[in-house]
Amino acid sequence: MKNHEIEKYSIAARILHWTHTTAFVLLFLTGLVLFIPGLGFLAESGITRIIHRVGAAVFVIIPLFFLVFRWKATWRGIGEAFTWGRSDVGWLKAALRFYFLNDESTMPPQGSMNSGQKLWALVAIVAGIVFVITGGILWFGAATASAGTLQWMILLHDIAFIIAGIFLLVHIYLAILHPLMTEAWSAMAGGKISAEYAKKHHGKWYEGISKAQKD
Ligand code: HEM
């Protein structure tokens, strides 16, 4: 295959990514003003609480829509995030040299998602489920659930917020600023990456699509 551009993310995958990201960032920021005591004054008018609930509705509806109408691709992505093997162990061993010393020599060939992306997808899925359950109880159970239950829900919601927030910041850094991930942003913005980048960063996936094109 020549060094041309290859489709990495379909238009549907990009719509899912960006709408869900927008909802997540809105939820993150409107949650932050409740989480940090000094920012509480920003929540006084009630507008951030309304935005949090609108964001929550989008956060739930968009993935459900994809689970129903694009179920094959969605389950393939979920399956990939939950499938871990030998090359992921290799990734873990090579990750520090790769990300901190820009040394790509020991990095084993990766699939369409590298192990780090798979880890982020896993965290996003698990934290997403925790957000929906605990947030749902805080929202709809505010008048009926016991004070103890609500306290637990806030604690779990906050733990998910801290873990997902840290991963989100790492994800943004890697996607936009890291010197080796030169086409990560354009992949999700325009959907395409060069064959050279695909070969280097997603070797197993590139091999698979090259073979499929020859067959
Ligand atoms: C379906 C998804 C979600 C639902 C239904 C939901 C619902 C809620 C509700 C009802 C509250 C209480 C707000 C109030 O006191 O008026 C809350 C607080 C909060 N939410 Fe969410 N939320 C969701 C997702 C998220 C996400 C994705 C994040 C961050 C990434 C987040 C971060 C927070 C934080 C930090 C608080 C403040 C908790 C505290 O008081 O310590 N939420 N959420």
Side-chain angles (χ1 to χ4, degrees), residues 7-35 48-84 88 110-142 145 150 152-176 181 184-193 202 205:
E7 181 175 81
K8 182 73 173 37
Y9 296 113
S10 67
I11 181 75
R14 281 178 284 144
I15 289 172
L16 170 64
H17 179 266
W18 290 117
T19 45
H20 211 235
T21 301
T22 307
F24 190 90
V25 170
L26 280 178
L27 286 161
F28 183 84
L29 295 175
T30 51
L32 195 68
V33 303
L34 295 174
F35 183 75
T48 58
R49 289 194 153 92
I50 295 173
I51 298 174
H52 202 79
R53 283 155 176 78
V54 173
V58 176
F59 189 82
V60 173
I61 290 167
I62 295 284
L64 283 182
F65 185 86
F66 275 77
L67 272 172
V68 173
F69 294 106
R70 305 238 345 142
W71 59 272
K72 258 193 194 163
T74 309
W75 283 112
R76 201 180 323 118
I78 294 173
E80 200 173 343
F82 280 88
T83 309
W84 288 69
D88 299 302
Q110 298 291 302
S112 135
M113 282 197 257
N114 69 37
S115 309
Q117 291 168 321
K118 278 171 29 176
L119 188 62
W120 169 223
L122 257 181
V123 169
I125 292 167
V126 175
I129 293 169
V130 174
F131 280 128
V132 173
I133 295 172
T134 56
I137 294 173
L138 285 171
W139 185 352
F140 299 105
L150 294 175
W152 272 105
M153 293 308 114
I154 289 180
L155 179 67
L156 293 173
H157 209 73
D158 284 349
I159 292 172
F161 164 72
I162 293 165
I163 295 173
I166 292 170
F167 269 81
L168 175 70
L169 294 178
V170 173
H171 178 61
I172 292 172
Y173 167 72
L174 291 176
I176 301 175
M181 312 304 280
W185 172 261
S186 53
M188 202 42 100
K192 292 189 171 155
I193 53 174
H202 303 280
W205 172 74

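- Around the OH atom of Y173, the shell of radius 6.0 Å holds more than 12 heavy atoms that belong to other residues, nucleotides or ligands.
- Taking every heavy atom of both residues into account, A184 and A175 meet most closely at CB-O, 3.9 Å.
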### Task
Report the C-alpha distance between H52 and L27 in whole Å, list the side-chain angles of each, state the deciding distance to 0.1 Å, and finish with yes or no for side chain to side chain contact (heavy atoms under 4.5 Å, CB included).
CA-CA 5 Å; H52 202 79; L27 286 161; 3.7 Å; yes

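- Here M181 contributes atom CE and L174 contributes atom CG; the two are 6.0 Å apart, rounded to the nearest 0.5 Å.
- Among Q117, R76, E80, H202, the single residue meeting the side chain to side chain contact (heavy atoms under 4.5 Å, CB included) criterion with S112 is E80.
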### Message
Go through it in stages, so that I can follow the logic: the residues are F24 and F131, the test is side chain to side chain contact (heavy atoms under 4.5 Å, CB included), and I'd like the CA-CA distance, side-chain angles, deciding distance and then a yes or no.
### Response
CA-CA 11 Å; F24 190 90; F131 280 128; 4.2 Å; yes

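- Considering only heavy atoms from C-beta on, L119 comes within 4.5 Å of W84 through its side chain.
- Closest non-hydrogen pair, A81 versus I125, comes out as CB-CD1, 4.5 Å.
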### Query
Run the side chain to side chain contact (heavy atoms under 4.5 Å, CB included) check on L29 and T48 step by step: do they pass?
CA-CA 9 Å; L29 295 175; T48 58; over 6 Å; no

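- Within the model, atoms CD1 of I159 and NE2 of H157 stand 12.0 Å from one another, a figure rounded to the nearest 0.5 Å.
- One distance of note links OG1 of T19 with CZ of F65; it measures 10.0 Å at 0.5 Å rounding.
- For the atom pair I78 CD1 and T83 OG1, the distance stands at 11.0 Å (nearest 0.5 Å).
- At distances below 3.5 Å, at least one donor-acceptor pair connects side-chain atoms of T74 with backbone N or O atoms of F66.
- Taking I50 as the reference, V54 meet the side-chain contact (heavy atoms from CB on, under 4.5 Å) condition, with sequence neighbours excluded.
- In this structure, the side chains of Q110 and S115 come closer than 4.5 Å at one or more pairs of heavy atoms.
- Rounded to the nearest 0.5 angstrom, L26 CG and T21 OG1 are separated by 11.0 Å.
- For residues 112-122, every residue pair satisfying the salt bridge (charged side-chain N to carboxylate O under 4.0 Å, His left out) rule, not counting sequence neighbours, is listed here: D88-K118.
- Nearest heavy atoms, P63 versus V58: CD-O, 4.1 Å.
- The environment of CH2 in W18 is crowded: more than 12 heavy-atom neighbours from other residues, nucleotides or ligands sit within 6.0 Å.
- The minimum heavy-atom distance linking A187 with R14 is given by the pair O-CD, 4.0 Å.
- Proximity of I11 to I15: side-chain heavy atoms (C-beta onward) are separated by under 4.5 Å at one or more points.
- Taking the six-membered ring for Trp, F59 and H20 have ring centres closer than 6.0 Å.
- Distance CD1/I154 to CD1/I137: 12.0 Å, rounded to 0.5 Å.
- Summarising the local packing, CH2 of W185 is surrounded by 12 or fewer heavy atoms from other residues, nucleotides or ligands at distances under 6.0 Å.
- Here the shortest heavy-atom pairing between L138 and L150 reads CD2-O, 3.8 Å.
- Residues I193 and K8 share a closest heavy-atom pair of CD1-CD, 3.7 Å.
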### Task
Could you check F35 against I162 for side chain to side chain contact (heavy atoms under 4.5 Å, CB included), going step by step and ending with a plain yes or no?
CA-CA 10 Å; F35 183 75; I162 293 165; 3.9 Å; yes

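- With sequence neighbours excluded, the residues forming a ring-ring contact (aromatic ring centres under 6.0 Å, His included) with H171 are W120, listed by chain and number.
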